[in-house]
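Every chain is numbered from 1, with letters handed out A, B, ... down the list of sequences.
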There are 2 protein chains.
Amino acid sequence: MHRNDLIPIGTLSRRTGLAVSAIRYYEDRGLVTSIRTGGNQRRFLRSDIRRLSFVQIAQKLGLGLAEIERELAALPRGRTPNVMDWQKISRSLRKEIDSRIQLLTRTRNKLDECIGCGCLSLERCALYNKEDRASAAGPGPRYVLD
Amino acid sequence: MHRNDLIPIGTLSRRTGLAVSAIRYYEDRGLVTSIRTGGNQRRFLRSDIRRLSFVQIAQKLGLGLAEIERELAALPRGRTPNVMDWQKISRSLRKEIDSRIQLLTRTRNKLDECIGCGCLSLERCALYNKEDRASAAGPGPRYVLD
DNA sequence: GCTTGATCTCAAGCTAGCTTGAGGTTGCAT
DNA sequence: ATGCAACCTCAAGCTAGCTTGAGATCAAGC
């Protein structure tokens, strides 16, 4: 509503903790959009602070930028997201966390069995049969939660 | 128990599900070692099947190759690892899983609070508010991430 | 008006973790 | 002894997710 609803990239950087270069990269990737001033400088909406915060949280959960973009697609276009919008998308994220916890728990249980028999690599080991590998595939190197 | 204990890279590939090129890469990285035949072909120990299986499991948990190498350092050198060795290293992996589950659970709880107040997009939300304890750590959604 | 810091574009570089391709050799079955 | 799959090395390429650098422009305080 006021003029100061538009913030330059440096401010967005400070408010999100993201590097300016990262924000520009995200814009290229379509994760966030900006308008330009007469002098061709980017101006973002304040609500983009939250948008990029969401990106960071989702990333920590192991989602790739493409997946995050898909999640963000649930947010309205042309209107600043409201409480309901964020609730909806947050719940989606919660489901993601739940499934990851489940996967880890299953893996842990299987590892427990394998500690018992010391097998770890035997064909019959529950941890390592083909069937299981398919279902457990996904996270990859991005799945680093510090 | 003589020649049979040494396997070529293709066999190791089939037994682990890893690509031949990946195994060679791991050898370059020092995750596994081999001896050479007179014709310069690699020969691995049967126990390397288990070693590489461990690598894959650890990778799924989000560990980088460098970290995995550190874990593997716990295995004996010059002797084929026995059940006890693998039990020990498996337990180490189990701890890793536990801590990841804990982190996810904490994150989920915080996200729940935010769904409860519908705040993920509001300035006063504990997740994003710069003025509360989250801001002490600096900008960005640290409260959820840390 | 001047200076300084913030911003711009575009291209290239970087880490991780591999794969792919070219060109050549080995080893085992027939 | 021959054929061919499996093996070898080395270099380059690929995806993801950015960063860095060059060279230029913009915006704001004094």
With B for base contact, S for sugar-phosphate-only contact and - for none (protein heavy atoms under 4.0 Å), nucleotides 23-30 of chain D reads ---SS---

Could you give the CG-to-P distance, from B:Leu52 to C:dG17, as a whole number of Å?
15 Å

Tell me: CG of B:Leu65 to C1' of C:dT15, nearest whole Å?
12 Å

Heavy atoms within less than 4.0 Å of DNA chain C: which residues of residues 21-33 of chain B have one? Give them sorted by number.
B:Ser21, B:Ala22, B:Tyr25, B:Tyr26, B:Arg29

Determine whether a donor-acceptor pair (N or O, by modelled atom type, separation under 3.5 Å) exists between the side chain of B:Ser13 and the backbone of B:Ala19.
no

A:Leu18 CG to D:dT19 C1', in whole Å, measures 13 Å

Students often get this wrong, so: under 4.0 angstrom with heavy atoms, is A:Ala66 touching a base, only sugar-phosphate, or nothing?
nothing

For B:Arg36 and D:dT9, is the shortest distance between a side-chain N/O and OP1 or OP2 below 4.0 Å?
yes

Which residues share a side chain to side chain contact (heavy atoms under 4.5 Å, CB included) with A:Ala74, sequence neighbours left out:
none

Do B:Thr33 and B:Leu45 have side chains that approach each other closer than 4.5 Å (heavy atoms only, starting at C-beta)?
no

Of all the nucleotides listed (D:dC18, C:dT7, C:dT19), which has the minimum atom distance to the side chain of B:Ala19?
C:dT19

Could you pull out all residues at least two apart from A:Ala66 that satisfy side chain to side chain contact (heavy atoms under 4.5 Å, CB included)?
A:Arg29, A:Arg70

State whether A:Arg42 places a side-chain N or O below 4.0 Å from either non-bridging phosphate oxygen (OP1 or OP2) of C:dT9.
yes

With the side chain defined as heavy atoms from C-beta on, A:Gln59 is closest, among D:dC18, C:dT7, C:dG17, to D:dC18

I'd like to check B:Pro8 versus B:Gln41 (side-chain heavy atoms, cut-off strictly below 4.5 Å). Are they in contact?
no

Does the side chain of B:Leu31 come within less than 4.5 Å of B:Tyr25's, by heavy atoms?
no

Pairing of A:Arg94 and A:Asp98 as salt bridge, 4.0 angstrom limit:
yes

Across all chains, not counting sequence neighbours, the side chain to side chain contact (heavy atoms under 4.5 Å, CB included) partners of B:Thr105 are A:Ile101, B:Ile101, B:Arg108, B:Asn109

Distance in angstrom units between A:Glu67 CD and D:dG17 P, rounded
9 Å

Can you name the side chain to side chain contact (heavy atoms under 4.5 Å, CB included) partners of A:Leu75, sequence neighbours left out?
A:Arg51, A:Leu72, A:Pro81, A:Asp85, A:Trp86, A:Ile89

